[in-house]
Amino acid sequence: MGFRRLLLAAGVACGILSISAPAHATTYFQQWDDWGYVSDNGTTTSIKVCDVAKDGHGVYIQYTPFGLPDAPKVWDANGSAPGCSTYSGLGHISSARLCVNGVVCTPWVAEPPGGW
């Protein structure tokens, strides 16, 4: 848990942070207090998004499934209440970004070499 907090702190400073390993990679997104990540263990892609700010603005991660033109969204379903929302599924994501209220978004981040 301490390593994750360290990574989150580093993500706060950078806005976007990518970490790669041979069979696993994670990209963290940060926009003000709100955050999320996209991760790939080689067979399953996971997304987690957390709306932390009690400002009335919804938070989501938008992603592009590999080879498909659509860009679905994973919202933090409970808003700024405790807890985050997650999505997990088979397949790969070619790009992703975190958005607050659909107005302010991080830049799109392409899948790093070796996958998320």
Side-chain angles (χ1 to χ4, degrees):
M1 193 70 169
F3 181 67
R4 287 185 181 172
R5 287 185 183 160
L6 174 65
L7 293 177
L8 181 58
V12 169
C14 299
I16 301 171
L17 177 68
S18 292
I19 300 163
S20 297
H24 183 86
T26 302
T27 297
Y28 287 87
F29 298 90
Q30 178 85 29
Q31 190 74 300
W32 300 300
D33 292 334
D34 306 315
W35 61 275
Y37 68 79
V38 176
S39 182
D40 185 342
N41 69 9
T43 57
T44 304
T45 296
S46 300
I47 297 174
K48 185 171 189 173
V49 60
C50 294
D51 183 350
V52 180
K54 295 181 179 185
D55 56 8
H57 301 295
V59 176
Y60 60 85
I61 287 187
Q62 187 172 22
Y63 65 98
T64 307
F66 187 77
L68 298 175
D70 60 343
K73 300 171 184 171
V74 177
W75 288 86
D76 186 355
N78 67 355
S80 59
C84 303
S85 291
T86 59
Y87 164 81
S88 188
L90 297 175
H92 295 285
I93 295 173
S94 60
S95 61
R97 67 181 181 169
L98 181 127
C99 295
V100 177
N101 211 31
V103 177
V104 179
C105 298
T106 62
W108 282 97
V109 176
E111 178 182 21
W116 293 99

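This is a predicted model, so every value here is computed, not measured.
Residues passing the side chain to side chain donor-acceptor pair (under 3.5 Å) test with Asn101 are His57, sequence neighbours excluded. For Asp76, the side chain to side chain donor-acceptor pair (under 3.5 Å) partners two or more places apart in sequence, or in a different chain, are Ser85. Here Thr86 pairs with Lys48 under the side chain to side chain contact (heavy atoms under 4.5 Å, CB included) rule; sequence neighbours left out.
Pairs passing the disulfide bond (SG atoms under 2.5 Å apart) check and including a residue from residues 47-78, sequence neighbours excluded, read Cys50-Cys84.
Ile47 contributes atom CD1, which lies 3.5 Å from atom CD1 of Ile93 (distance to the nearest 0.5 angstrom). The CH2 atom of Trp75 sits 9.5 Å away from the CG atom of Asp51 when rounded to the nearest 0.5 Å. Atom-to-atom distance recorded for Gln31:CD and Cys105:SG is 7.5 Å, nearest 0.5 angstrom.
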Please set out all donor-acceptor pairs under 3.5 angstrom arising from side-chain atoms of residues 59-68, sequence neighbours excluded.
residue, atom, partner, partner atom, Å
Gln62, OE1, Arg97, NE, 3.0
Gln62, OE1, Arg97, NH2, 2.8
Gln62, NE2, Ala71, O, 3.3
Thr64, OG1, Ser95, OG, 3.2

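Here the shortest heavy-atom pairing between Thr106 and Gln30 reads CG2-O, 3.9 Å. The shortest non-hydrogen separation linking Phe29 to Tyr37 is CD1-CA, 4.4 Å. Nearest approach of Val52 to Asp34, heavy atoms of both residues: N-OD1, 2.8 Å. Smallest separation of non-hydrogen atoms from Thr44 and Ser88: CG2-OG, 3.1 Å. Here the closest heavy-atom approach between residue Trp35 and residue Leu98 is recorded as C-CD1, 3.5 Å.
Applying the 4.5 Å side-chain rule to ILVMFWY residues, one finds that Leu90 remains a lone member of its cluster.
Between the side chain of Thr27 and the backbone N or O of Val38, no donor-acceptor pair lies under 3.5 Å.
The side-chain heavy atoms of Asp55 and Trp32, taken from C-beta on, include no pair separated by under 4.5 Å.
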